[in-house]
Amino acid sequence: MTRKTPLTHWIGAGIFGLLVLAGGASAVMALQARAADEPRAQERAALTVAVSRIEIQARYQVRESYVGQIEPARLTTPSFERSGKVTDLLVDEGDEVDAGQVLARMDTRALEIERMRLEAERASLVADTDLAQRTVERREQLVDDGWASRQAFDEAQFSLTALAARRDSITAAIARIDLDLEKSVLLAPFSGTVSARQIDEGTVVASGTPVLSLQETTRPQARIGIPSDRADLVSRGDRFPLLYRGRAIIGEVAAITRDLQFGTRSIPILLDLDADFPLTMGQVIRLDLTRNIEVRGAWVPLAALREAERGLWSIQIAQPTDTGYKVAREAVEVLHVADQNAYVRGTFQDGALLIPEGGHRLSVGQDVSPAGDV
């Protein structure tokens, strides 16, 4: 076997090193050429992005919701004005009644007997009065003829006057009995629904004892408390949409109280409800109020907001240049959020091209191409 000399070994190693250096130089030159071509490639292929024009407004609206409950316009507990025994209760819970309908009756037998007695006494007094009248007429004639004294005539006249007064007193007592008989029948003061019965037949009640509860369901109202500084937004006769169990109904402001409720620090308003379906008393109902906030700004999607420094936010816009469009950043302050949009003010101009989404894929100064007509 032939053994290599040291000179031959070094010559081979040198040739191999030259080849390695040549290959590395070629790779470096290729990378440099490729890097030099990349900016030109990016300039030639700007990223297409969706844009929308920013419209600056003078104000924005805030919708605020307040809840209340439905209640009858009138609620009463009818009762008898006199004491006695209830013999008839003609309605039950849930019954619809009309104004003037008989609800209950009392035992009136004692009153009817007393009325009969007074009628008989008055009839007797009427007969006595007729006799006294004739006596006065005869005495007057006798006085004129000189057969009787004036004293006898005056006595007859005074007797007639006393009988007439007693007769009138009995007539007044009968009228009082008739009034008690009338008050022994309990009538519905207005049309509505019987919500509860407090007593049953056979109960002896005192004057003013509630017999039942009556709600005026034909004219339901909503009682809703609103903050005192919102009361100026509401006037009598205003109509507002309300939400009742997922259904929209219209309410007209019937009254605005100015008494601040201690517990809720709110002012109650009453609204007459216009609904073509029955409403449940005590059910929750919601009122949405809208007020204008006088601040210049614009609405942008929440997806367009990017977190910035010191509690601010930013948006990205497609800013026009001599050769096209580049991504620029504008600082904004969020004033109000509604649904998936935010009302902001900031350094942007009216009509600027907002990039509403995809901002995480873009960087400031990057070439972009707005999609659509701009």
Side-chain angles (χ1 to χ4, degrees), residues 64-82 86-106 182-203 205-226 230-231 233-259 261 263-264 266-289:
E64 300 171 335
S65 296
Y66 306 100
V67 295
Q69 66 178 14
I70 297 176
E71 61 182 36
R74 287 184 288 182
L75 173 65
T76 186
T77 53
S79 59
F80 290 103
E81 295 184 44
R82 54 180 295 269
V86 178
T87 57
D88 299 299
L89 199 55
L90 306 177
V91 294
D92 206 345
E93 294 183 6
D95 288 350
E96 299 285 341
V97 299
D98 297 323
Q101 180 176 334
V102 177
L103 303 177
R105 291 190 180 93
M106 268 189 168
E182 180 181 337
K183 292 182 177 181
S184 298
V185 178
L186 189 62
L187 304 178
F190 50 79
S191 299
T193 303
V194 178
S195 59
R197 278 176 49 163
Q198 274 76 31
I199 65 169
D200 292 316
E201 295 87 348
T203 304
V205 297
S207 174
T209 301
V211 175
L212 47 84
S213 296
L214 182 63
Q215 296 179 346
E216 187 185 20
T217 53
T218 56
R219 191 164 63 94
Q221 289 185 328
R223 180 181 296 271
I224 301 176
I226 62 175
R230 305 291 189 270
L233 303 175
V234 179
S235 301
R236 190 184 183 96
D238 289 348
R239 295 173 66 84
F240 294 98
L242 299 102
L243 191 64
Y244 169 78
R245 301 179 68 175
R247 304 177 68 173
I249 59 177
I250 299 299
E252 181 176 331
V253 178
I256 306 172
T257 65
R258 295 298 175 180
D259 295 331
Q261 302 298 302
T264 61
S266 62
I267 292 179
I269 62 173
L270 293 176
L271 300 98
D272 290 329
L273 302 180
D274 182 15
D276 55 359
F277 54 90
L279 302 175
T280 303
M281 298 299 112
Q283 184 63 256
V284 174
I285 193 168
R286 192 181 77 193
L287 166 67
D288 291 331
L289 282 182

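In what follows, every heavy atom counts, from backbone to side chain, and hydrogens, waters and symmetry copies are set aside.
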Practice item. Taking all non-hydrogen atoms of both residues into account, name the closest pair between Val211 and Ser79 and its distance. Key: CG2-CA, 4.2 Å
Point to revise | Neighbour count above 12 (heavy atom, 6.0 Å) for Arg245 CZ | key: no
Practice item. Kindly determine whether Phe190 and Thr76 satisfy side chain to side chain contact (heavy atoms under 4.5 Å, CB included), including the steps that lead there. Key: CA-CA 10 Å; Phe190 50 79; Thr76 186; 3.6 Å; yes
Exercise for review: Without swapping roles, check the side chain of Thr257 against the backbone of Pro268 for a donor-acceptor pair under 3.5 Å.
Suggested key: yes
Review point. With a 4.5 Å heavy-atom cut-off, do Leu287 and Ile269 have their side chains touching?
Key: yes
Exercise for review: Give, for atom NZ of Lys183 and atom CE of Met106, the distance between the pair rounded to the nearest 0.5 Å.
Suggested key: 12.0 Å
Review point. Nearest 0.5 Å, what's the CD1-CZ distance between Ile256 and Arg236?
Key: 8.5 Å
Check your understanding: What are the two closest heavy atoms between Gln221 and Ala73, and how far apart are they?
Key -> OE1-CA, 3.7 Å
Exercise for review: Please name the pair of heavy atoms, one in Arg197 and one in Val91, separated by the smallest distance, quoted to 0.1 Å.
Suggested key: NH1-O, 3.2 Å
Practice item. Say whether Glu96 and Thr193, considering side chains only, have a donor N or O and an acceptor N or O under 3.5 Å apart. Key: yes
Review point. Only one of Leu90, Val97, Leu187 clears side chain to side chain contact (heavy atoms under 4.5 Å, CB included) with Leu103; which?
Key: Val97
Practice item. Go through Glu64 and Ile226 one step at a time and tell me if the side chain to side chain contact (heavy atoms under 4.5 Å, CB included) criterion holds. Key: CA-CA 10 Å; Glu64 300 171 335; Ile226 62 175; over 6 Å; no
Exercise for review: Output the distance between atom OG (Ser207) and atom CZ (Arg82), rounded to the nearest 0.5 Å.
Suggested key: 9.5 Å
Exercise for review: Grab the two heavy atoms, one from Val194 and one from Asp92, that are nearest each other, plus how far apart they are.
Suggested key: CB-O, 3.5 Å
Practice item. Under the side chain to side chain donor-acceptor pair (under 3.5 Å) rule, collect the residues that match up with Ser266, sequence neighbours excluded. Key: Thr264
**Study point:** From CA spacing to verdict: side chain to side chain contact (heavy atoms under 4.5 Å, CB included), Leu279, Ile285
**Key:** CA-CA 10 Å; Leu279 302 175; Ile285 193 168; over 6 Å; no
Review point. What's the spacing between Leu212 CG and Asp95 CG if we round to 0.5 Å?
Key: 10.0 Å
Practice item. Report the residue from Leu273, Ile70, Asp274 that forms a side chain to side chain contact (heavy atoms under 4.5 Å, CB included) with Leu242. Key: Leu273
Check your understanding: Would you say Thr217's side chain and Gly192's backbone share a donor-acceptor pair under 3.5 angstrom?
Key -> no
Revision key, fill the gap. Here the gap from Ile267 atom CD1 to Arg230 atom CZ, rounded to the nearest 0.5 Å, amounts to 11.5 Å
Practice item. Step by step, work out the side chain to side chain contact (heavy atoms under 4.5 Å, CB included) result for Arg223 and Leu270. Key: CA-CA 5 Å; Arg223 180 181 296 271; Leu270 293 176; 3.6 Å; yes
Exercise for review: Can you measure from CZ (Arg105) to CG (Asp88) and round to the nearest 0.5 angstrom?
Suggested key: 6.0 Å
Check your understanding: Glu201 and Thr87: which non-hydrogen atoms are nearest, and at how many Å?
Key -> CG-O, 3.7 Å
Study note, to complete from the structure: Correct closest heavy-atom pair for Val284 and Tyr244 would be O-CD1, 4.0 Å
